[in-house]
Amino acid sequence: MATWNRRAALQGLLTSAATVGALGLASACSPAEEKQSTEAMGLKDNLKQAVCRWCFQDVPLEKLCAAAKEMGLRGIDLVGPKDWPTLQRHGLESSMCNGAEINLTDGFNDPRFHAQLQKQYAAMIPQVAQAGYRNLICFSGSRRGLSDAAGLENCARGLEPLLKLAAQHKVVLVMELLNSKIDHKDYQCDRTSWGVALAKKMGSENFKLLYDIYHMQINEGDVIRTLTEYHPYIAHYHTAGVPGRHEIGDAQELNYPAIMRAIKATGFQGYVAQEFMPQQTDKLASLRQAVQLCDV
Ligand SMILES: O=C(O)C(=O)CO
């Protein structure tokens with residue numbers, strides 16, 4: 001199951017942070033090189049695209065990076081410091097860094113986890129910056145009976161001390177919106193309005209939302225209107241087909257080209273990362289099709 005795979009992947013990535021921090025990796029390609037590479041792929045490249053590592057876990061990272069680069073992708077999501085040098089060698093960005101979170105259920109909404117989270121994020125933020133990256137994922141955690149108001153207040157208290165450090169390092173803490181109906185039962189940041197209320201309360205360019213199109217279609221629908229209204233609070237997007245979380249073509253209910261056009265119309269400069277579990281035998285062919293579908 002996806003959650004399990006992702007957790008296992010995260011465990012494997014929570015190491016070697018200090019080594020990479022010490023390396024002080026430079027950022028990926030120059031804008032001119034990027035443009036050449038995406039033009040060579042025949043992409044319009046109006047939206048920067050990436051792919052989530054955990055969906056392609058059985059493809060070795062070197063191979064995934066080479067394929068991603070060749071498809072015109074700009075980054076790989078949800079990799080931690082130990083894999084940054086590999087991405088770097090391929091001229092790819094770590095478009096959504098991870099490795100500071102505990103997990104998806106023990107998050108900022110519960111004061112019991114604040115000390116540990118603050119320690120881990122305070123250590124990771126400078127490393128993300130030193131490597132030349134920007135986005136660092138975070139999670140609300142499960143409700144465990146908390147009201148929306150109490151969960152929001154707790155998140156704000158837990159995040160607040162980190163945002164100054166994030167601002168100093170030009171890093172954005174990005175909280176993911178996940179569905180609480182199927183994949184992450186009891187997750188608190190499960191509606192855009194709640195995430196936006198938290199972002200408004202934080203009032204910082206260093207705290208934003210990851211709008212996962214798959215998860216939000218399941219919990220609330222109304223995708224295009226929602227992202228159009230709340231785009232100033234959204235730093236990043238994830239994709240997948242609904243239902244099933246597989247390929248994003250016409251066998252599922254979301255109209256991805258229309259959604260991508262709506263994202264483009266907001267002037268979005270961040271990343272759209274493919275986060276579906278391929279069903280076709282040739283997984284990289286599925287990825288290529290998704291990239292082309294989202295290239296608007
Ligand atoms: O774990 C999940 O379901 C996610 O969407 C992570 O990005």
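Residue indices begin at 1 and follow the sequence shown. In what follows, every heavy atom counts, from backbone to side chain, and hydrogens, waters and symmetry copies are set aside. Computed from a predicted structure; not experimentally measured. Both counts, for ligands and for their atoms, begin at 1 and track the order of listing.
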Just which atoms of ligand 1 are under 4.0 Å from any heavy atom in [X]?
X: H215; answer: 2 (C), 3 (O), 4 (C), 5 (O)
X: E275; answer: 4 (C), 5 (O), 6 (C), 7 (O)
X: L78; answer: 7 (O)
X: H238; answer: 7 (O)
X: D212; answer: 5 (O)
X: H184; answer: 1 (O), 2 (C), 3 (O)
X: L178; answer: 4 (C), 5 (O)

**Asked** Without hydrogens or angle criteria, can the side chains of Q217 and E253 be said to hold a donor-acceptor pair below 3.5 Å?
**Response**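 Checked: Q217/E253 side chains pair up, N/O donor to acceptor below 3.5 Å.
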**Item:** Nearest heavy atoms of R191 and R143, plus distance in Å
**Value:**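 So the two residues come closest at NH2-NH2, 3.1 Å.
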Check for me whether [X] has a heavy atom closer than 4.0 Å to any atom of ligand 1.
X: I137; answer: no
X: L104; answer: yes
X: M96; answer: no

**Message:** Please evaluate residues K185 and D190 with respect to the criterion salt bridge (charged side-chain N to carboxylate O under 4.0 Å, His left out), reporting the C-alpha separation (whole Å), side-chain torsions for both, the decisive distance (0.1 Å), and the verdict.
**Reply:** CA-CA 10 Å; K185 292 219 160 75; D190 64 349; over 6 Å; no
**Asked** Between K63 and D58, does at least one N-O distance fall below 4.0 Å, as a salt bridge requires?
**Response**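 Result for this pair is no, no salt bridge flagged.
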**Item:** Electrostatic pair E70-R288, nearest N-O below 4.0 angstrom
**Value:**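 Salt bridge between E70 and R288, a charged N being under 4.0 Å from a carboxylate O: yes.
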**Message:** Just verifying a value: how many Å separate H246 NE2 and Q252 CD, rounded to the nearest 0.5 Å?
**Reply:**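 Taking NE2 in H246 and CD in Q252, the distance rounds to 11.0 Å.
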**Message:** Same cluster or not: Y187 versus V174, using hydrophobic residues (I, L, V, M, F, W, Y) connected whenever any side-chain heavy atoms lie under 4.5 Å apart?
**Reply:**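 Same cluster: Y187 reaches V174 through Ile, Leu, Val, Met, Phe, Trp or Tyr contacts under 4.5 Å.
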**Prompt:** L209, M260: one ILVMFWY side-chain cluster at the under-4.5 Å cut-off?
**Reply:**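 Linked, L209 and M260 end up in one cluster.
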**Prompt:** Quick check, are the ring centers of F113 and F139 under 6.0 angstrom apart?
**Reply:**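 Ring-ring flag for F113/F139: false, centres at least 6.0 Å apart.
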Does only the side chain of [X] get under 4.0 Å from ligand 1, or the backbone, or both, or neither? Count heavy atoms.
X: L210; result: neither
X: R245; result: side chain
X: D183; result: neither

**Message:** Looking only at distances, can you tell me whether any N or O atom of W54, backbone or side chain, sits closer than 3.5 Å to an N or O atom of ligand 1?
**Reply:**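 The answer is no, given that W54 and ligand 1 share no N or O pair closer than 3.5 Å.
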